[in-house]
Amino acid sequence: MDATFNYYNSNSNSSSSSASSLSSDTKTSRRRVYRRRENPTNLNFFRRRIFRYFVLLVLLFLSGMITFIGPLFTMLYPSPLPGSIYRSHEVFQNLLNDILSDNSSQIQLSDVWRYKMKLKEQKPCVTLTTRQYLEAGIADKYLIIEANGGLNQQRASICNAVAVAGLLNATLLIPRFNFHNVWRDSSEFADIYDEEHFISVLKKHVHIVRELPEDLMERYDFNMSNVPNFRVPAWASASYYLEHVYPVLIEQRIVRFAPFANRLASSLPPHIQFLRCLTNYEALRFSIPITTLAKSLVKRMTIDSSGSGGKYVSVHLRFEEDMVAFSCCVYDGGKYEQLEMDQIRENGWGDKFKRETYIIDPVRYRISGRCPMTPLEVGMMLRGMGFSNTTPIYLASGKIYEADKNLAPLKKMFPLLHTKDLLASLDELAPFQGYSSRLAALDYFVCLFSEVFVTTQGGNFPQFLMGHRKFQYGHTKTIIPDKRKLVVLLHNTTISWHAFKNEMQVMLDESDHKGVAILKTKKLTRKNSIYAHPFPECQCLKESRFSTDE
């Protein structure tokens with residue numbers, strides 16, 4: 001039984017073992033089959049995951065590179081600031097067809113200005129005397145001044161000299177003019193101004209002589225340059241002259257100022273301010289040769305402007321080579337322009353621009369509106385403001401830098417372009433050639449009678465002319481560009497003509513407002529130039545002139 005049982009168990013275990021083995025083999029086989037079936041799928045899944053991580057890492061790397069390299073690239077190669085580069089010629093080429101075909105808003109010169117200047121009522125004008133503060137009987141005290149600069153800087157010196165002579169009750173010697181290696185004009189007072197008229201108009205206020213007494217000349221070996229030069233600080237007040245100059249004048253009988261530009265403050269006692277007005281608007285009359293030719297130029301300009309009722313626009317353009325060089329601005333002439341400007345600066349001003357303390361920054365100059373406007377920019381501005389291509393233009397300027405190249409765009413936009421060289425014959429201009437101040441006087445006279453005056457750079461010429469026109473006509477009728485705004489607009493090479501025109505018409509309206517504005521000046525606190533803004537101090541002279549004319 002045991003054997004049977006053992007046999008049975010043995011068979012049973014064997015059978016069980018076989019069954020178990022079979023089951024195990026079957027499971028292993030299934031696992032192998034399963035693994036064979038699942039392995040490719042798992043591998044692909046793993047590969048896709050690795051690929052995704054790789055792509056993510058690449059994107060993160062690139063993002064980091066952009067984040068860090070972008071600012072670095074910007075630092076190394078910064079984008080130009082709006083208005084910092086001269087691109088006006090590119091903008092002009094892009095808009096040329098639109099400019100030439102646009103006649104949609106033609107301005108009538110007689111209707112340019114919508115506003116009129118109104119002078120405020122003031123106390124009745126009284127007879128002014130200039131010799132009320134100092135002791136009488138010192139007419140033998142003499143004042144010598146040497147005016148420097150161009151035409152209108154000299155003009156300021158002359159007006160200020162008369163004012164100082166009146167303040168100190170001194171006799172004024174006819175002003176002398178310094179020769180400068182930039183203007184290179186050897187003209188004397190009588191070459192530019194009517195000397196007899198000057199002396200006659202002022203004789204009731206200031207004694208003026210052509211020569212010094214012989215005893216004084218003998219003291220200085222008949223050489224006025226031997227008279228000690230009295231150094232006056234810039235913009236010196238009336239009290240400074242009374243406290244420091246007057247005692248020397250009493251002691252020495254003679255005082256010399258050389259040079260005399262900007263040596264008198266803007267604020268002065270009313271009776272001395274009146275002398276400035278009287279000198280500028282009455283006593284300083286151009287010499288007969290200048291006046292004769294200038295009147296002819298105005299007449300010819302008026303005839304050539306018959307299509308606009310005899311009215312014309314005058315433009316004071318400061319794009320001469322010396323002005324371009326002095327400005328240190330950069331245009332589109334490249335390396336050649338740079339070398340040429342360096343040479344002109346050296347010839348005219350020596351090593352001034354090479355000093356370590358002198359910083360040349362063309363980018364800042366252009367953004368701040370300090371760069372002289374080119375003829376192209378002037379033309380685009382005026383066309384944008386609504387002046388048609390039939391508008392007569394008188395161009396007041398010296399010799400334009402690269403004239404053929406730079407004047408061509410302006411002539412395209414305004415074919416009726418005139419200059420003194422085109423209006424006058426060679427024989428008529430011959431006596432004036434080589435004398436920059438006499439030529440500038442011709443321009444001044446023609447601009448004075450224009451319907452609209454356009455200033456492009458600032459300086460003494462437009463300052464005096466704006467004031468003279470305001471005194472003469474009651475409205476400056478002057479276009480003063482917002483050059484900071486203009487350089488930004490002309491930096492944008494994608495700007496449309498419509499958008500540019502809108503901006504220019506706003507600028508014209510702003511000029512109109514500025515033209516009629518009367519700057520507020522309290523007694524003895526004036527800070528701006530009386531030559532550019534003659535009122536209220538010159539109002540009495542204006543009223544007396546009108547009453548005399550009537």
Side-chain angles (χ1 to χ4, degrees), residues 130 139-180 183-214 216-217 222-225 227 254-261 263-264 274-296 431-445 448 460-461 464-465 468 531 541 545 548:
T130 61
D140 62 338
K141 306 299 186 287
Y142 295 89
L143 188 64
I144 302 174
I145 73 104
E146 295 182 12
N148 59 310
L151 174 71
N152 289 285
Q153 188 170 330
Q154 290 174 345
R155 191 182 185 104
S157 295
I158 296 167
C159 295
N160 290 344
V162 173
V164 171
L167 180 67
L168 302 180
N169 198 17
T171 295
L172 177 65
L173 180 71
I174 284 288
R176 306 171 71 199
F177 294 160
N178 280 348
F179 182 84
H180 193 278
W183 289 279
R184 304 190 68 79
D185 191 327
S186 59
S187 298
E188 297 181 356
F189 187 94
D191 295 320
I192 299 176
Y193 298 107
D194 186 332
E195 195 173 274
E196 188 61 42
H197 179 78
F198 178 75
I199 296 172
S200 175
V201 169
L202 294 171
K203 66 181 180 181
K204 293 181 180 179
H205 305 273
V206 174
H207 187 217
I208 300 173
V209 295
R210 293 182 176 88
E211 296 179 354
L212 293 174
E214 187 171 346
L216 271 180
M217 291 296 293
F222 296 92
N223 186 351
M224 280 185 284
S225 297
V227 178
I254 189 168
V255 171
R256 171 173 165 257
F257 302 117
F260 192 62
R263 291 296 183 266
L264 185 61
F274 177 80
L275 285 181
R276 280 173 155 170
C277 300
L278 182 64
T279 304
N280 192 30
Y281 300 119
E282 292 287 351
L284 285 178
R285 185 168 69 185
F286 289 127
S287 63
I288 293 176
I290 291 175
T291 303
T292 301
L293 180 55
K295 286 182 177 179
S296 297
F432 303 91
Q433 297 296 355
Y435 300 98
S436 60
S437 291
R438 300 185 208 182
L439 292 170
L442 294 174
D443 281 338
Y444 186 98
F445 197 94
L448 184 63
N460 289 298
F461 187 103
F464 270 86
L465 195 58
H468 204 150
Y531 307 119
L541 177 62
R545 171 190 272 192
T548 302

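In what follows, every heavy atom counts, from backbone to side chain, and hydrogens, waters and symmetry copies are set aside.
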- Nearest atoms (heavy-atom pairs only) where Y142 meets P213: OH-CG, 3.1 Å
- Query: What closest approach, in Å, do P175 and F198 show between heavy atoms, and which atom pair accounts for it?
  - Reply: CD-CE2, 4.5 Å
- Query: L442 and F286: side-chain contact (heavy atoms from CB on, under 4.5 Å), yes or no, with the steps?
  - Reply: CA-CA 9 Å; L442 294 174; F286 289 127; over 6 Å; no
Would you mind reporting whether [Y] and [X] have side-chain heavy atoms less than 4.5 Å apart?
| X | Y | value |
| --- | --- | --- |
| Q433 | L439 | yes |
| D140 | T171 | no |
| N148 | Q153 | yes |
| N178 | P259 | yes |
| I145 | R263 | no |
| H468 | Y281 | yes |
| F260 | I158 | no |
| F432 | I290 | yes |

- Query: Should M224 and L173 be marked as a side-chain contact (heavy atoms from CB on, under 4.5 Å) after you check the CA-CA gap, both sets of side-chain angles, and the distance that decides it?
  - Reply: CA-CA 11 Å; M224 280 185 284; L173 180 71; 3.2 Å; yes
For [X], what residues pass the side chain to side chain contact (heavy atoms under 4.5 Å, CB included) criterion, not counting sequence neighbours?
| X | answer |
| --- | --- |
| E196 | D194, R210 |
| S187 | D185, D191, I192, Y435, R438 |
| E214 | F222 |

Going from [atom1] on [X] to [atom2] on [Y], what distance comes out if it is rounded to the nearest 0.5 angstrom?
| X | Y | atom1 | atom2 | value |
| --- | --- | --- | --- | --- |
| F274 | T279 | CZ | OG1 | 9.5 Å |
| L216 | I254 | CG | CD1 | 5.0 Å |
| H207 | L202 | NE2 | CG | 11.5 Å |
| L284 | L278 | CG | CG | 9.5 Å |
| I174 | E195 | CD1 | CD | 4.0 Å |
| N280 | R155 | CG | CZ | 4.5 Å |

- Task: May I have the step-by-step check of ring-ring contact (aromatic ring centres under 6.0 Å, His included) for Y444 and F464, ending in yes or no?
- Result: CA-CA 9 Å; Y444 186 98; F464 270 86; 7.6 Å; no
- Flag, side chain of H197 to backbone of S287, donor-acceptor distance under 3.5 Å: no
- Item | Partner set under salt bridge (Lys or Arg N to Asp or Glu O under 4.0 Å) for R256, not counting sequence neighbours | E146
For residues 160-167, tabulate all N or O donor-acceptor pairs below 3.5 Å that involve a side-chain atom, not counting sequence neighbours.
| unit_1 | atom_1 | unit_2 | atom_2 | d |
| --- | --- | --- | --- | --- |
| N160 | OD1 | R276 | NE | 3.1 |
| N160 | OD1 | R276 | NH2 | 3.1 |
| N160 | OD1 | Y531 | OH | 2.6 |
| N160 | ND2 | A156 | O | 3.3 |

- Those residues that, when tested against C159, pass disulfide (SG to SG under 2.5 Å) (two or more places apart): none
